Number of protein chains: 2
Amino acid sequence: MSTTSHIQTLSEENYLKVIYHLGKETKVKISPTAIAEALNNNPASVVDMLKKLVDKKLIQYEKSKGVRLTEKGKKIALLIIRKHRLWEVFLLEKLEYSWDEVHDIAEQLEHIHNPLLADKLDKFLGFPQYDPHGDPIPSASGEMADIYKTILSEVAEGKACQVVGVKDTSTSFLQYLKKLDIGIGTKVLLIEKIPFDNSIVISIKSGPNTTVSKIFADNLLVHE
Amino acid sequence: MSTTSHIQTLSEENYLKVIYHLGKETKVKISPTAIAEALNNNPASVVDMLKKLVDKKLIQYEKSKGVRLTEKGKKIALLIIRKHRLWEVFLLEKLEYSWDEVHDIAEQLEHIHNPLLADKLDKFLGFPQYDPHGDPIPSASGEMADIYKTILSEVAEGKACQVVGVKDTSTSFLQYLKKLDIGIGTKVLLIEKIPFDNSIVISIKSGPNTTVSKIFADNLLVHE
DNA sequence: TACAAAAATTAGTCATACCTAATAATGTTT
DNA sequence: AAACATTATTAGGTATGACTAATTTTTGTA
Ligand SMILES: [Mn+2]
Ligand SMILES: [Mn+2]
Ligand SMILES: [Mn+2]
Ligand SMILES: [Mn+2]
């Protein structure tokens, strides 16, 4: 990732990151309302900031036409995401934080500025490919692996899959996973789908059958 | 260090830190002007902030009477300093930054908030006692070792001493030190003081004699 | 003690990043 | 195509933490 030596404010960085993520998920046009929702602020504030980001040539935007990152904006967004995910690995593996604690601290750490930091951290951690939630870590040159995840509820009966992440990152969900002994990389076999309430019967690590709810299966990301 | 769960802004934290440091160095009353100088801003801004810090019961302050940290303020200041110095050790030892690069990054990292962070980092680093500039790291309970440093220019002729830190942390000074092969722990013998311009003749690591300026000797902290 | 210099404080602005309320533009129904 | 609903934008404000330019207040010296 090249030294984009012109420094962004913390707020600008958060906008760029959110715009990047929204662009990945929903292929449709990115609206002020969607951005406001993601940032937990309001659409009027977003429009203010969008003007500023246009001035700085970090996004393209015309009234009511939706937002797109420029190459420059995308580069910065990917660097923030790279730092966020690398710091999460650091917090989990080196400082022994748990799966559910790392995100909030990484939200702060991702904004530490230093041209060498991401690469030094990457090296120190042994060039990890994925963060603790199964999300790919963008490379130094800004490439991000596109792992194709599905939710557990979309896997067919009889198929095996591997856990790569979670959609819901709430403490209660992560703690339930811990209780079930499910983590990143865990092998899950989908035994049966119950039509009545869409519950799903699975076998974890070839162990005994367990039944999980539809809500549960909607929030567990897997790779077939 | 107890969980002072009420969170300060980045600005407030920098003020508390500066006030703490000024109180250590100069035993006299701490003035708005001195604070402004340390923060590179102006006395009027300082007075504004002092009012805010009084409201929050982090300092004691009456017009023109000088500033003092309250116990609460001191605790926070020491936690910031603890985090700053621990992060410096991390950056030097784990990420392989050099002596002169760590300070600026630690200025940012010291403001990362999480109740467990300082202690986890401390443990990960093996409970270091000193930072890369020879400054003591405050303990988890907010105790800070009081190493008594002198500047090289106050050492008597014929006396040996050990480098424990620097007063000036500028890149040019630190690079000059590197060139002279002086680092933390280096043994220095004071051979002679030249009356004419107060230059000082020293021997580094029992090597050949070298002459350094008064300005140099004023900025090198040693322990006899 | 008086008076000048220095230091501290107040008054009045400014930029950033938010907000609410009002208005305008766009989209969806009938 | 008109009416209504939704979404976006503008207008006008607020809090924070800076600043500059007065105006005290304090201090040091004559
Ligand atoms: Mn995260
Ligand atoms: Mn430092
Ligand atoms: Mn700082
Ligand atoms: Mn230091």
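Here the structure is a predicted model, which means the values were calculated and not measured. Letters A, B, ... are given to chains in the order of the sequence lines, protein chains preceding strands, and every chain is numbered from 1.
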Any Lys/Arg nitrogen of [X] or [Y] sitting under 4.0 Å from an Asp/Glu carboxylate oxygen of the other?
X	Y	result
B:K83	B:E13	no
B:E110	B:R85	no
B:K52	B:D48	no
A:K123	B:E96	yes
A:D131	A:R82	no
B:D55	B:K51	no

### Task
Tell me which residues in residues 41-48 of chain A put a heavy atom below 4.0 Å from DNA chain C, sorted by number, or none.
A:N41, A:N42, A:A44, A:S45, A:D48
### Task
Mind listing the residues from residues 11-20 of chain A sitting with a heavy atom below 4.0 Å of DNA chain C? Number order is fine.
A:S11, A:Y15
### Message
Working to the nearest 0.5 angstrom, can you tell me the gap between B:L50 CG and B:E62 CD?
### Response
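Spacing of CG (B:L50) from CD (B:E62) equals 12.5 Å.
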Under 4.0 Å between a side-chain N or O of [X] and OP1 or OP2 of [N]?
X	N	answer
A:K63	D:dT10	yes
A:K51	D:dT10	yes
B:T9	D:dT16	no

Rounding to a whole Å, what distance do you find between [X]:[atom1] and [N]:[atom2]?
X	N	atom1	atom2	value
A:L39	C:dA17	CG	P	12 Å
B:D55	D:dT16	CG	P	11 Å
A:I7	C:dT16	CD1	P	16 Å
B:H111	D:dG17	NE2	P	13 Å
B:E62	D:dT26	CD	C1'	16 Å
A:K65	D:dT7	NZ	P	18 Å
B:K52	D:dT16	NZ	P	6 Å
B:I35	C:dA7	CD1	P	14 Å

### Message
Heavy atoms from C-beta onward define the side chain here; which of D:dG17, C:dA17, C:dT26 lies closest to that of A:S64?
### Response
C:dT26
### Any pair counted as salt bridge (Lys or Arg N to Asp or Glu O under 4.0 Å), so long as it reaches residues 164-174 of chain B, sequence neighbours left out
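Found none.
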### Query
Among A:K29, A:K74, A:Q60, which one satisfies side chain to side chain contact (heavy atoms under 4.5 Å, CB included) with A:R68?
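Single side chain to side chain contact (heavy atoms under 4.5 Å, CB included) partner of A:R68 among A:K29, A:K74, A:Q60: A:Q60.
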